[in-house]
Structure formats: C-alpha cells, structure tokens
Amino acid sequence: MNARSPLCQPLSAVPAGPARARALVAPAELEELVRDPAVRLLEVGCAGLPAFEQGHIAGAGYLDTRELEAPPLFNKVGDAALLRVLLAHGIRHDTTVVVYSRNPLAAARAAHLMLYAGVGDVRMLDGALAAWSAAGLALVAGAPAVAAPARAFGAPFPGRPDYLTDMAQARALLARSDAALVSIRTWSEYSGATSGYSYIDARGEIPGALWGHAGHEGDVNSMSHFQHADGRMLDGAAIEALWRAGGIRRSAHNAFYCGTGWRASLAFFYAWLMGWERISVYDGGWYEWSADPANPVAINAAEKAPPRCGTPVPSGPVPSARRP
C-alpha cells in the first residue's frame, strides 16, 4: 500500500470530536487534496450524470444515489449490494473518500452510508459544488474518472452497523429514557400541516419524536437552519444550542430521520463532525413509518414554530421539491 501524505492521515486514526472537523473540506483544501492519487473524489447525484458531464471537479468519479437506495421506500440497499457498489468505485475501509454534490443532501446520503459501511476516512465539501465555483475554481467537462475496482473491503462489513436504525429499533428507542428519535423536517411537516412530499399522503409525526429542525418551509432540499446563507455549515456550538433548546441531548442515543433519509443524513454528518458518538439514521423515516397502519401517528398542533434561539429563519424563493 502506498504511503499516505499528511493530508490523508485517516480520520479513524485520530480522536473523535474536533479532529473530525477535517472531514468538512473547504474548496482550497479540496484543491490540494485531489492532487493526491490516494484520494477518491466522487460527485454524488440522483440522475445527474448529464449535468456532471457538462462540468465537474477534475478527477471526480460519479456516484448515483440510485446505487445506494432502492424503491419503493428508498431505504438503503442490502449490505451485499452496498459492498458491491463501494468496491466497484474502488473504495476499501482505508480509502480516503471525498464526496461533493450539487445538492449537499446527496453527498451526505453517501457519506453516512460509507461511515456505516466502515470507511474510516470520509470527507465532504462544505457548501457543495456552489462553494467550489464561488471560490473561482474551475470545472471540467467530460466523463467520470473511473477507479480500479477494489478486490476486497479489507475489514468487517458493515463496520458501524450502529449508525443505521431500522423500524423495529426505532420503536424500541421510543421506550428508552436515554434515546430519542429526532425529526429533521420542517415545522409544517412536524406539526402535521403537510406531509412535505408529493408522493407521501400521510401527515403527522412519530409520537414522542423531538423536532430537530430542517430548513425553508416547503423545500425538502433545504437545511438552512444548520447552514450559512451560502450553504456552509454553521458553527457546531450554534447547532448544539439549537438542539439543546429542543431537548436533544448529546449524551442520548439520537436517531435522526426525515422523509426518506437525505436530510437526516446531513444532520447525522454534522453531529458526527461535532463528536456526537451515539447517533444513527432511521433510514425509513416518515415514509416507512406512516406506511405501516400498526404505527401510531401524532399531530403536533401549534400556531407557529418555536424560535431558533434568536437566529432568524432565512427567507427567499423556495426551489421545487425533490425526493430527499
């Protein structure tokens, strides 16, 4: 195995907490990182290959989220299938992987599943592709870079099964005093005013779930409560204060969920960056929960959302919703 440069010291080899901040990469840092041939750079998207071919970061491969999740509920594919996808993209447990996307939720979805798989060094471009372009850095046109497939993962798979929660486990967490389901949905979704999705009819919430915030009302792609206006992550202390005000404690096991996993994956990744250890994504989310008539549903009626600790909710045009 080739010796790694200091830039590519595996994150698994350094302590959790502040050291994980290196996993959120600024454009200038990414420009330096991609010069190392040991780094696997991937743009992640959903049916986004045509846009990728028109312009992407040089050296990037392309990973479609349809390789990672499957209908009808858009849950993670089986472990054997996930392993095949990672190996096909040249990813082992010790590969340094940097993901970015046009919609930051797509990269977060991939990053979470790679961490679940046991990839020890997963990083993400802060602010998505827009941050790269805003920094004046160039894009190139053409086909994705193709890595040589990896022969074996090189470690037990999945390496962190505790990072994923299924519906039975979600039900069990609700009965525990040291755990919480955390809804990463808009207030209108959490309160039951809307389902948030064109393909989900049911409105309401999982009884007992805590509201973990999300973003612009009516936009299931928005995570503006966690980000600066340009899409970069807020300081971790601000996010932690937001959650603490809603009863979400670092010491508890927090299983994040949304409609089908994308927003929850970004919340998970931010919590992981902040050094929260007992975290997971309830993959099925509201889509899976509401589809089972045996599951109770709550309507958290209220006139308006609670304040965001003095931080104004950004306003502006609402992009068209897609599937996260």
Side-chain angles (χ1 to χ4, degrees), residues 69 72-76 105 112 162-220 222-223 225-226 239-268 270-271 276 278-309 313 321 323-324:
E69 54 188 19
L73 296 175
F74 304 107
N75 283 355
K76 176 190 74 67
L105 302 181
H112 166 253
D162 55 307
Y163 281 168
L164 198 71
T165 293
D166 62 21
M167 187 158 63
Q169 292 168 327
R171 290 172 178 150
L173 289 178
L174 287 172
R176 289 171 44 184
S177 60
D178 66 338
L181 295 183
V182 180
S183 176
I184 306 299
R185 305 171 74 205
T186 65
W187 179 256
S188 292
E189 291 172 90
Y190 181 76
S191 65
T194 177
S195 77
Y197 297 81
S198 62
Y199 53 88
I200 301 178
D201 294 329
R203 295 183 300 166
E205 195 54 274
I206 299 174
L210 302 178
W211 186 44
H213 289 256
H216 295 300
E217 290 291 345
D219 182 6
V220 295
S222 175
M223 287 286 280
H225 291 195
F226 301 89
I239 295 174
E240 190 151 1
L242 184 71
W243 281 340
R244 188 167 54 246
I248 301 164
R249 299 171 290 123
R250 173 188 282 262
S251 60
H253 178 166
N254 294 288
F256 302 101
Y257 72 94
C258 53
T260 61
W262 283 32
R263 287 177 290 179
S265 293
L266 189 57
F268 170 94
Y270 285 167
W276 288 40
R278 301 175 65 202
I279 52 175
S280 63
V281 170
Y282 167 34
D283 193 21
W286 176 242
Y287 197 10
E288 180 182 64
W289 184 273
S290 64
D292 188 336
N295 286 330
V297 171
I299 300 295
N300 301 308
E303 292 184 2
K304 61 180 180 179
R308 288 174 49 202
C309 302
V313 177
R323 195 209 52 76

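For reference, positions follow the sequence shown, starting with 1.
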Are Tyr282 and Trp289 side-chain neighbours, meaning at least one heavy-atom pair lies under 4.5 Å? yes
Derivation and outcome, side-chain contact (heavy atoms from CB on, under 4.5 Å), residues Trp286 and Glu189: CA-CA 10 Å; Trp286 176 242; Glu189 291 172 90; over 6 Å; no
Any side-chain heavy-atom pair of Arg203 and Val297 under 4.5 Å: no
Yes or no on side-chain contact (heavy atoms from CB on, under 4.5 Å) for Tyr199 and Tyr287, after CA distance, side-chain angles and deciding distance? CA-CA 9 Å; Tyr199 53 88; Tyr287 197 10; 3.8 Å; yes
Please check: side-chain N/O of Ser188 versus main-chain N/O of Thr194, any donor-acceptor pairing under 3.5 Å? no
Classify the ring geometry of His213 against Trp211: parallel below 30°, tilted from 30° to 60°, perpendicular beyond 60°. parallel
Answer yes or no: is there a donor N or O on one side and an acceptor on the other, between the side chain of Tyr190 and the main chain of Ala209, under 3.5 Å? yes
CD1-OG distance between Ile299 and Ser191, expressed to the nearest 0.5 angstrom: 8.0 Å
Indicate yes or no for a side-chain donor-acceptor contact from His112 to the backbone of Tyr163 under 3.5 Å, with no hydrogens or angles considered. yes
Is the closest side-chain heavy-atom distance between Thr186 and Arg263 below 4.5 Å? yes
Taking the side chain as every heavy atom from C-beta outward, state whether Trp243 and Asn254 have any atom pair closer than 4.5 Å. no
Do Asn295 and Glu288 make a side-chain contact, defined as non-hydrogen atoms from C-beta onward lying under 4.5 Å apart? no
Within a strict 4.5 Å, meaning less than it, do heavy atoms of the Arg278 and Asp178 side chains meet? yes
Sequence neighbours left out, what passes side chain to side chain donor-acceptor pair (under 3.5 Å) with Asp201? Give chain and number order. none
Please verify the inter-ring angle class for Phe226 with Tyr270; under 30° counts as parallel, over 60° as perpendicular, anything in between as tilted. tilted
